[in-house]
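Just so we're on the same page: letters track the sequence lines, and every chain starts at 1.
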Amino acid sequence: MKMHNTEIAAIFNKLADLLEIEDENPFRIRAYRNAARVISSMSKNFSDLVAENADLTEIPGIGERIAEKIKVIVKTQELPQLKDVETHTPAILSELMKIEGLGPKRVKALYNKLHIESTKDLQEAIKKGKVQKLRGFGEKTQQKIKEGLKHVTEYVKHFKLYDIIPIANSITAYLKASKNISSVECAGSYRRKKEIIGDLDFLAIAKKGTDVINHFIQFDEVAEVLSKGTTRSTVRLHSGIQVDLRVLPPISYGAALLYFTGSKAHNIHIRKLALQKKLKINEYGVFKGNKQIAGKTEEEVYKSINLPFIPPELREDHGEIEAAQKNKLPKLINLSQICGDLHCHTNATDGHDSLEIMVEAAKNKGYEYIAITDHSKHLAMTHGFDKNALLKQIKLIDRLNNKLKNITILKSIEVDILEDGSLDLPNSILKELDLTVCSIHSKFNLSSKKQTERIFRAMDNPFFNILGHPTGRLINKRQPYDANFEKIMEAAKERNCILEINSQPERLDFNDMYCKMAKDMQLKMVISTDAHSVSELDFMQLGIYQAQRGWLEASDVLNTCRLSEFRNLLKRH
DNA sequence: GCCGTTTTCGGCCCGACTGTTTTCAGTCG
C-alpha cells in the first residue's frame, strides 16, 4: 500500500492533537502541524521521495526528526510514537477536537473527569447535565458544545469556489448598501481563489463598528449568530457556510486586508521578516515601537519589509516571498489574454447548444478561435461520435469556416483513451482534425503503473495533442486516479504533448500545485472550459484563477497565442 | 521539533470574543 501525502499529514495532525491534549510543548506541536501542512501541500509524493532516498530535510519545516518519522510511516504505514501516545490518550479524542467549542483543554477535562471518549458519551453526558457542572464549563458552554455536536456531521463539508461566488457577491452587495461602510472586501481563501472554501472572511471599513455589526447580523440568509462584538462577528448562513466580519478604520485597511487574506503561513512568514527589521505587523498596521508607520494599503505593508506587492493568489508561502525578495514574482496570466477555447461540446453529443450557437458565443467573447471537441463513441451515454459522425461534423465545420468572419472553428474531438492506451478513433480520421483532446473516462482504478503506461502509450500516438483533465479528480467526490503524474509530465515534454487545465468547477484539473510543477518543467499548457453550453464558456475565469495560483504567465499557456502561432506550437515535431 | 545576516541555544505571529470568572482561560481565525 502506497501512503498518500494526505494520509501522512493526517498522522502528524493526529499526533499534534493528542499531544496538545496532553499539554505537551506547544512549539513541538506546532512543528508537527507545520510539517503536516507542508506534506499535504507538496505536489510530489513522499512515498516516491523516500523510495528515491531524497533528502527530506531540505524541505522547509522538515528537520531530521520528522524526516525519520516520515520514512517510518512510508515503510510501515504507522508511527510508533503515535501508538505510544495512544496508550494514555485515546486516538478518538482527536475526533472530539473537531467539535466547535472544544479544544484540547476541554477535551482533556471531559476525558479525565467524565471519561468521555466518543461523541456518543458526550451526548449522554450533556443529556444528564454533567458537562455544565464541570469547573470552567457552565450552562452556555454545554449548550454550545451541544450545538457543535449537531454541526460536526452536518457542516464538515467545504464549498467549491464556484458555489460560493454568488453568496459572497450577495453579502458584499448587502454590506455595501449600508451607508456606514466605506468599503467592503471578501478576503480569506476566497480572495486567494482557492478551489475549496471553508468559510468567508469579510472586511469592512467603517468609523463605528457596532452599527456595521448590527446591520450584518440582520442579513436575510443568517441562520445563527455565533458571536458578536464591537468590531467582529461570526454568523452561520442557512446554506451552512460560516461568515466572519471584521470592522476596521481606514488607516488599517491594507494591514487588515493582508491579515485576513492569509494564508496563515504567508502571514507568519511576513511577520517574521518584520521582526527581523524590529517591526511588528498586526491587522492594524506596521508598528515601530508604538508608532504606526504603515498599513493603509497592502502595498505599504509589503514595502515596509522591502517587498513588492504579492498577488493574493500566490500567498501560500510556497516560495512567493523568496521570489518577491529577488524581484522574480511571475506576471500572472489574466482572462483578457485568452484568445480561444479548446474544449467545448455541442448538442451533437452531450452538450446543450448547437455548434453554431457555441461558435457565435465564443465570437462574442472576442475569441479568435474555438475548438469543437465532442465525445468519441466509447462514451455511449453521451452519444459519442464514430468515424462517420465525426466526418459529418468536419464537413459542417468546413462549410461554416468559409462563411464565418473574425473567428475560426478548429476541428477536433475529445477522444477517449482506452484501457490499453489506444485512442477510440482510428488515425485515418484523427489526421483530418486540427487537434485532439485525449481524455480518460473509464477504468479509473488501474494500478499506478498500468495507468501511467496507458497514458504514455496514448501520447505515443502522433495525433495526440492535449491531455484532457489530466488527473481525473472531482472535487469533494473522486480522488485523482492513481498514476505517476511527474513521469507523465516528463513524457509529455519529451513528446511535445500539451496538458489541459480544465475549468469545470468540480474539476479544476490540473490543480495549482501541478500547474506550478509543469511550469517549472517548462511544459506547454492550455486553459479550456469543457463547456457543455454557452453559459459554461464563462468557466474560463475559474481556470484562470487556478493557473494564477499555479504561478502561470501568459507565456506558459498556448491559448493566449494568436491562431497562426498557436497552430505552429501545436505541431508535435 | 525547527531554525539561523542577532543565534547550534533560545527563540518560535498576534488579537478578538465568550463564558466563567472576579482577572483570565479557552477557543478561534
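For A:Arg106, whose side chain is taken as the heavy atoms from C-beta onward, the closest listed nucleotide among B:dT27, B:dA16, B:dC13 is B:dT27. In the set B:dG29, B:dT6, B:dG19, the nucleotide with an atom closest to the side chain of A:Asp199 is B:dG29. Listed candidates were B:dC13, B:dG15, B:dG1. Nearest to the side chain of A:Arg65 is B:dG1. Closest to the side chain of A:Ala31, from the set B:dC2, B:dG26, B:dT6, is B:dC2. Comparing B:dT18, B:dG15, B:dG1 by their nearest atom to the side chain of A:Arg232 picks out B:dG15. The A:Lys280 side chain lies nearest to B:dG15 when the options are B:dG1, B:dT18, B:dG15. Each of B:dT6, B:dG1, B:dA16 was ranked by its minimum atom distance to the side chain of A:Asn25; first place goes to B:dG1. The side chain of A:Lys105 lies closest to B:dT27 when the candidates are B:dT27, B:dC17, B:dT6.
The interatomic distance linking A:Leu245 (CG) with B:dA16 (P) rounds to 15 Å, in whole Å. In this entry the distance linking OH of A:Tyr32 with P of B:dC3 reads 14 Å, nearest Å. Counting to the nearest Å, the C1' atom of B:dG29 and the CG atom of A:Leu200 are 14 Å from each other. The nearest whole Å value for the distance from the CD atom in A:Glu147 to the P atom in B:dT18 is 16 Å. As a whole-Å value, the separation of A:Arg28 CZ from B:dC2 P is 10 Å. Straight-line distance from the CG atom of A:Asp317 to the P atom of B:dC2: 17 Å, rounded to whole Å. For A:Leu226 and B:dG29, the CG to C1' distance is 13 Å, given to the nearest whole Å. Separating the CD1 atom of A:Ile145 from the C1' atom of B:dG19 is a distance of 12 Å, rounded to the nearest angstrom.
Taking atom C1' in both B:dC2 and B:dT7, the straight-line distance is 13 Å, to the nearest Å. Using atom P as the reference point in both B:dC13 and B:dC3, the two lie 13 Å apart (nearest Å). Nucleotides B:dA16 and B:dT21, compared at atom P, are 24 Å apart to the nearest Å. Going from the P atom of B:dC12 to that of B:dT20 covers 33 Å, rounded to whole Å. Atom C1' of B:dT18 sits at a distance of 16 Å from the matching atom of B:dT22, rounded to the whole Å. Annotation: B:dT5 and B:dG1 have their C1' atoms spaced 24 Å apart (nearest Å). Atom name P, nucleotides B:dG15 and B:dG10: the rounded distance is 26 Å, in whole Å.
Of the N and O atoms on the side chains of A:Asn484 and A:Ser448, not one donor lies less than 3.5 Å from an acceptor on the other residue. Between the side chains of A:His88 and A:Glu22, at least one donor N or O sits under 3.5 Å from an acceptor N or O.
At a threshold of 4.0 angstrom between heavy atoms, the contacts of A:Glu24 with the nucleic acid are absent. Using a 4.0 Å heavy-atom cutoff across all strands shown, A:Pro60 reaches sugar-phosphate atoms only and no base atom. A:Ser233 comes within 4.0 angstrom of no nucleic acid atom, judged by non-hydrogen atoms across all strands. A:Thr234 comes within 4.0 angstrom of nothing in the nucleic acid, heavy atoms only. If you check every strand for non-hydrogen atoms under 4.0 Å, A:Leu102 touches sugar and phosphate atoms only. Residue-level contact check: A:Lys144 touches neither bases nor backbone, having no heavy atom under 4.0 Å from any strand. Using a 4.0 Å heavy-atom distance criterion, A:Lys69 is classed as a sugar-phosphate-only contact. A:Gly262 comes within contact range of no nucleotide atom at all, as no heavy-atom separation falls under 4.0 Å. When heavy atoms are screened at a 4.0 angstrom cut-off, A:Ile29 is found touching no nucleic acid atom at all.
Nearest-nucleotide positions on DNA chain B place A:Asn282 closer to the 5' end than the other of A:Val107 and A:Asn282. Comparing A:Ala67 and A:Lys140 against DNA chain B, the residue whose closest nucleotide sits nearer the 5' end is A:Ala67.
Both the sub-6.0 Å distance and the 45° axial angle are satisfied by A:Lys193 relative to the ring of A:Tyr190.
OP1 or OP2 of B:dC13 sits under 4.0 Å from a side-chain N or O of A:Arg30. Look at A:Gln132 and you won't find any side-chain N or O under 4.0 angstrom from OP1 or OP2 of B:dT20. Taking 4.0 angstrom as the limit, A:Tyr284 places a side-chain polar atom (N or O) nearer than this to OP1 or OP2 of B:dA16. For A:Thr141 and B:dT20, the shortest distance from a side-chain N or O to OP1 or OP2 is below 4.0 Å.
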Trace of the salt bridge (Lys or Arg N to Asp or Glu O under 4.0 Å) decision for A:Lys98 with A:Glu95: CA-CA 6 Å; A:Lys98 295 194 180 109; A:Glu95 296 301 309; 3.1 Å; yes
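Here B:dT8 sits opposite no nucleotide as a Watson-Crick or G-U wobble pair (both hydrogen-bonding atom distances under 3.5 Å).
Remark: the backbone N or O of A:Phe46 is paired with a side-chain donor or acceptor of A:Asn5 at under 3.5 angstrom. Between the side chain of A:Gln546 and the backbone N or O of A:Leu508, at least one donor-acceptor pair lies under 3.5 Å. A donor-acceptor contact shorter than 3.5 Å is absent between the side chain of A:Ser189 and the backbone of A:Arg192.
Under the salt bridge (charged side-chain N to carboxylate O under 4.0 Å, His left out) rule, A:Glu195 has a single partner from A:Lys160, A:Arg507, A:Arg549, A:Arg473, which is A:Arg473.
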